Engineer: 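Below is a structure I'd like to ask you about.
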Amino acid sequence: MSLRNTATQWGSLAKALHWIIAIGVFVLIYLGLEQAGMERGDEKSRIRFIHASIATIVLLLMTIRVVWRFMNETPAHPQGMARVQALAADLVHWGLYIVVFLQLLAGAMVTGTGGRGLPVFGLFSIPLPVAEDHDAHEFWEEVHEFVWKPLAALVVLHILGALYNHFVVKNDVLRRMTHGVK
Ligand code: HEM
Ligand code: HEM
């Protein structure tokens with residue numbers, strides 16, 4: 001299996017990044033909501049810290065992913081795919097890139113305007129070029145508490161699209177993001 005993408009296949013690096021980031025985003029939504037429902041205290045702070053540490057890693061991986069996407073080919077839509085379906089897929093994919101980055105940015109700004117750097121499990125912390133600011137902190141918290149909802153909605157549409165391709169149209173779209181196509 002090649003590292004790079006081809007005109008018809010995703011390479012191993014793009015696949016690995018897709019699936020690691022997908023798991024990361026699911027875990028982030030789960031931990032974010034878990035801590036939101038807790039009373040202030042050590043346990044809530046601990047879950048926030050784990051949430052932010054995983055998010056920092058997802059931010060680094062997403063940056064690599066986008067750079068890599070522009071360094072190689074992107075597999076074309078399967079031949080014969082209806083134009084409206086291809087357009088819908090493109091819109092959902094670009095929408096996902098945008099909302100994932102927006103959510104990461106908002107989370108990073110919540111942390112930065114709270115006077116902290118991006119944590120990585122206590123190993124080190126990445127300083128942010130933003131000043132501590134109470135009003136900005138509240139603003140970015142509101143953005144962060146909102147954007148995960150359109151993000152989750154797009155993920156649901158995206159999964160339905162993948163299942164539709166696999167089980168109804170019966171093309172290779174899901175296979176080429178998993179074990180590949182001969
Ligand atoms: C794709 C990325 C991310 C997702 C899906 C995500 C998801 C969430 C969710 C669902 C919540 C609960 C919101 C609520 O109370 O309704 C939350 C809260 C929080 N997240 Fe994230 N998050 C992401 C990235 C980040 C990043 C990069 C950081 C900082 C390094 C961060 C720090 C926080 C903090 C401090 C809270 C608690 C403050 C608040 O309620 O707004 N998150 N996150
Ligand atoms: C939070 C979770 C997820 C996110 C953020 C996400 C994001 C994305 C993005 C942005 C692309 C477009 C890649 C590009 O054109 O550069 C993509 C492709 C793809 N995703 Fe996901 N994804 C997630 C979960 C899933 C799941 C659970 C499935 C399977 C049910 C899936 C199946 C696929 C497939 C099959 C493709 C390739 C489409 C094609 O080759 O035309 N994704 N994903």
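These figures come from a predicted structure and were not determined experimentally.
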Engineer: Quick check: closest heavy atoms across Ile47 and Glu34, and the distance to 0.1 Å?
Structural biologist: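 Smallest heavy-atom distance, with atoms named: CD1-CG, 4.2 Å.
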Engineer: Are the side chain of Lys170 and the backbone N or O of Phe167 linked by a donor-acceptor pair below 3.5 Å?
Structural biologist: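 Yes; at least one donor-acceptor contact below 3.5 Å.
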Engineer: Is it true that a side-chain atom of Thr56 and a backbone atom of Pro119 form a donor plus acceptor pair closer than 3.5 Å?
Structural biologist: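 Yes; judged by distance alone, with no hydrogens or angles, the pair exists.
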Engineer: Of all the heavy-atom pairs spanning Ala14 and Asn5, show the shortest one and how long it is.
Structural biologist: CB-OD1, 3.4 Å
Engineer: Between NE2 of His134 and CZ of Phe139, what distance do you get to the nearest 0.5 Å?
Structural biologist: 14.5 Å
Engineer: Just checking, any donor-acceptor pair under 3.5 angstrom between side chains of Asp90 and His77?
Structural biologist: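 Yes, side-chain donor-acceptor contact under 3.5 Å.
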Engineer: Between Gln9 and Pro75 (side chain of the first, backbone of the second, donor and acceptor by atom type, cut-off under 3.5 Å), is there such a pair?
Structural biologist: no
Engineer: Determine, using the 4.5 Å side-chain heavy-atom cutoff (strictly less than), whether Trp94 and Leu105 are members of one ILVMFWY cluster.
Structural biologist: yes
Engineer: Any chance you could lay out the side chain to side chain contact (heavy atoms under 4.5 Å, CB included) test for His18 and Trp10, step after step, and finish with the verdict?
Structural biologist: CA-CA 10 Å; His18 174 269; Trp10 292 101; over 6 Å; no
Engineer: Using side chain to side chain contact (heavy atoms under 4.5 Å, CB included), reason through Val58 and Leu104 one step at a time and then give a plain yes or no.
Structural biologist: CA-CA 8 Å; Val58 169; Leu104 288 164; 4.2 Å; yes
Engineer: Identify the two heavy atoms, one from Trp19 and one from Thr178, that lie closest to each other, and give their separation to 0.1 Å.
Structural biologist: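 Looking at all heavy atoms of both residues, the closest pair is CZ2-CG2, 4.0 Å.
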Engineer: Has the side chain of Arg116 got a donor or acceptor atom that lies under 3.5 Å from a matching backbone atom of Ser125?
Structural biologist: no
Engineer: Would the distance check show the side chain of Asp133 and the main-chain N or O of Thr113 forming a donor-acceptor pair, the cut-off being under 3.5 Å?
Structural biologist: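 Judged by distance alone, no pair lies under 3.5 Å.
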Engineer: Side chains of Pro78 and Met81: does their closest heavy-atom pair fall under 4.5 Å?
Structural biologist: yes
Engineer: Evaluate Arg175 against His166 for side chain to side chain contact (heavy atoms under 4.5 Å, CB included), listing each step before the verdict.
Structural biologist: CA-CA 8 Å; Arg175 263 187 295 273; His166 192 70; 3.6 Å; yes
Engineer: Quick one: does any side-chain atom of Gln35 pair with a main-chain N or O of Gly32 as donor and acceptor, under 3.5 Å?
Structural biologist: yes
Engineer: Counting N and O atoms only, with roles assigned by atom type, does the side chain of His158 sit under 3.5 Å from a partner on the main chain of Val92, one being a donor and the other an acceptor?
Structural biologist: no
Engineer: Any chance you could measure Trp140, atom CH2, to Thr111, atom OG1, to the nearest 0.5 Å?
Structural biologist: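 Reported value, rounded in 0.5 Å steps: 12.5 Å.
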Engineer: For atom CZ of Phe121, is the number of surrounding heavy atoms from other residues, nucleotides or ligands below 6.0 Å larger than 12?
Structural biologist: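 More than 12 within 6.0 Å, yes.
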Engineer: I'd like to know if the side chain of His51 and the backbone of Leu28 have a donor-acceptor N/O pair within less than 3.5 Å.
Structural biologist: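 It does hold such a pair.
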Engineer: Walk me through it: do Arg48 and Leu31 pass the test side chain to side chain contact (heavy atoms under 4.5 Å, CB included)?
Structural biologist: CA-CA 8 Å; Arg48 274 196 189 202; Leu31 291 178; over 6 Å; no
Engineer: Which one of Val25, Ile21, Leu154, Leu157 satisfies the side-chain contact (heavy atoms from CB on, under 4.5 Å) criterion with Leu96?
Structural biologist: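 Among Val25, Ile21, Leu154, Leu157, the one meeting side-chain contact (heavy atoms from CB on, under 4.5 Å) with Leu96 is Leu154.
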Engineer: Just by modelled atom types, is the Glu39 backbone N or O under 3.5 Å from a matching donor or acceptor in the Lys44 side chain?
Structural biologist: no
Engineer: Does OH belonging to Tyr97 count more than 12 external heavy atoms closer than 6.0 Å?
Structural biologist: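 More than 12 within 6.0 Å, yes.
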